[in-house]
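Position 1 is the first residue of the sequence; numbering continues from there. Note that these values count all heavy atoms, side chains included, but never hydrogens, waters or copies made by symmetry.
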Amino acid sequence: MQITQVHRTEQEKVFISVENNEGAVLQPGKVVEFSQTTTDADQGRLVELVDAVVNLTTGIAGKIAGVVETTIATGEVGRVQVYGPANVRASASIAAGEMVVASSINATNQAHVTAASESTAVGPKYRDAVVGWTLEAGPNATNATVFVSCL
């Protein structure tokens, strides 16, 4: 785990090192989940894009790992952010103060966040898809400033 140095002008951010198990490049701002594997050494290390639509009963395929910081090539190791403010890909413009969850609404909006539905946010599997809370009204329909809280 990597934690940025605490100082007065920049908010703290926490990162973990992961290996890209997607089979394609992982792009900054996209949300990844832990890959399911029976290999002990790979558990909690391999990640892939969230590629399912989140719902109350099934959530998504795995627990959210975090938000990709910089491009991670296939099979390479890189960092994902698990705590602190980040620019995250969004499926639509999201209002400030909204809880957001990872979801893939369609092929264009894969591994993006969307506003959580208050009526469905109670399911335990749904909660594993929570990425964090928006800090501002979405600047556009493709990005959101999110306080990531995946720890």
Side-chain angles (χ1 to χ4, degrees), residues 1-4 11-95 97-135 138 141-151:
M1 185 174 295
Q2 300 168 340
I3 302 172
T4 59
Q11 295 302 312
E12 289 77 26
K13 295 178 182 178
V14 178
F15 302 91
I16 60 172
S17 296
V18 297
E19 182 179 332
N20 178 352
N21 193 42
E22 175 62 28
V25 171
L26 295 175
Q27 299 170 327
K30 291 206 172 183
V31 183
V32 291
E33 61 191 353
F34 289 109
S35 296
Q36 297 175 10
T37 177
T38 57
T39 305
D40 290 346
D42 290 336
Q43 293 173 354
R45 188 171 74 89
L46 298 179
V47 296
E48 57 192 75
L49 290 176
V50 172
D51 57 6
V53 177
V54 66
N55 69 53
L56 178 61
T57 55
T58 61
I60 53 178
K63 168 82 172 83
I64 291 298
V67 177
V68 178
E69 178 199 22
T70 57
T71 302
I72 307 172
T74 305
E76 294 297 318
V77 173
R79 296 190 324 173
V80 296
Q81 186 172 338
V82 296
Y83 183 83
N87 188 329
V88 182
R89 302 281 177 98
S91 59
S93 183
I94 302 172
E98 293 286 327
M99 180 171 69
V100 292
V101 293
S103 190
S104 288
I105 296 169
N106 54 39
T108 304
N109 294 317
Q110 196 173 51
H112 284 46
V113 293
T114 189
S117 167
E118 196 171 313
S119 63
T120 58
V122 296
K125 289 189 174 266
Y126 190 93
R127 287 196 302 259
D128 282 342
V130 172
V131 177
W133 293 82
T134 54
L135 295 173
T142 59
N143 294 294
T145 302
V146 174
F147 192 92
V148 176
S149 186
C150 299
L151 290 175

- Could you tell me the separation between the OG1 atom of T142 and the CG atom of N87, rounded to the nearest 0.5 Å? 8.5 Å

- Message: Go through it in stages, so that I can follow the logic: the residues are Y126 and V54, the test is side chain to side chain contact (heavy atoms under 4.5 Å, CB included), and I'd like the CA-CA distance, side-chain angles, deciding distance and then a yes or no.
- Response: CA-CA 7 Å; Y126 190 93; V54 66; 3.8 Å; yes

- Which heavy-atom pair separates A73 from N20 by the least distance, and what is that distance? O-ND2, 3.2 Å

- Query: What residues form a side-chain hydrogen bond (donor to acceptor under 3.5 Å, both in side chains) with T134, not counting sequence neighbours?
  - Reply: none

- Nearest 0.5 Å, what's the CD-CG distance between E33 and N21? 11.0 Å

- Message: Rounded at 0.5 Å granularity, tell me how far CD in E76 sits from CG in L26.
- Response: 11.0 Å

- Note on the structure: Smallest heavy-atom separation, Q110 atom then D51 atom, equals NE2-CB, 3.3 Å

- For V82 against A65, the heavy-atom pair lying closest together: CG1-O, 3.1 Å

- Side-chain heavy-atom pair P28, T71 within 4.5 angstrom cut-off: yes

- Query: Can you tell me how far the CD atom of Q81 sits from the CZ atom of F15, to the nearest 0.5 Å?
  - Reply: 4.5 Å

- Message: Y83: which residues meet the ring-ring contact (aromatic ring centres under 6.0 Å, His included) condition with it, sequence neighbours left out?
- Response: F147

- Side-chain donor-acceptor contact under 3.5 Å, S91 with N109: no

- Message: Are V18 and V32 packed together at the side-chain level, in the sense that at least one heavy-atom pair is separated by less than 4.5 angstrom?
- Response: no

- Query: At their closest point, which heavy atom of C150 faces which heavy atom of I64, and how far apart are they?
  - Reply: SG-CG2, 3.5 Å

- Message: Please report the interatomic distance CD(E19) to CD(E48), rounded to the nearest 0.5 Å.
- Response: 12.0 Å

- What one should report as the nearest heavy-atom pair of E98 and I94 is CB-CG2, 3.8 Å

- Nearest-0.5 Å distance, OG of residue S104 to NZ of residue K30: 8.0 Å

- 4.5 Å side-chain heavy-atom contact, V131 and V101: no

- State, with a plain yes or no, whether a side-chain heavy atom of V80 is found less than 4.5 Å away from one of I16. yes

- Task: Using atom types as modelled and distance alone, determine if a side-chain donor or acceptor of T145 lies under 3.5 Å from a backbone N or O of L135.
- Result: no

- Item | Sidechain-backbone polar pair: Q43 side chain, T37 backbone, donor-acceptor under 3.5 Å | yes

- Task: State, with a plain yes or no, whether a side-chain heavy atom of V31 is found less than 4.5 Å away from one of R89.
- Result: no

- For the student: nearest non-hydrogen atoms of A111 and L49, plus distance: CB-CD2, 3.5 Å

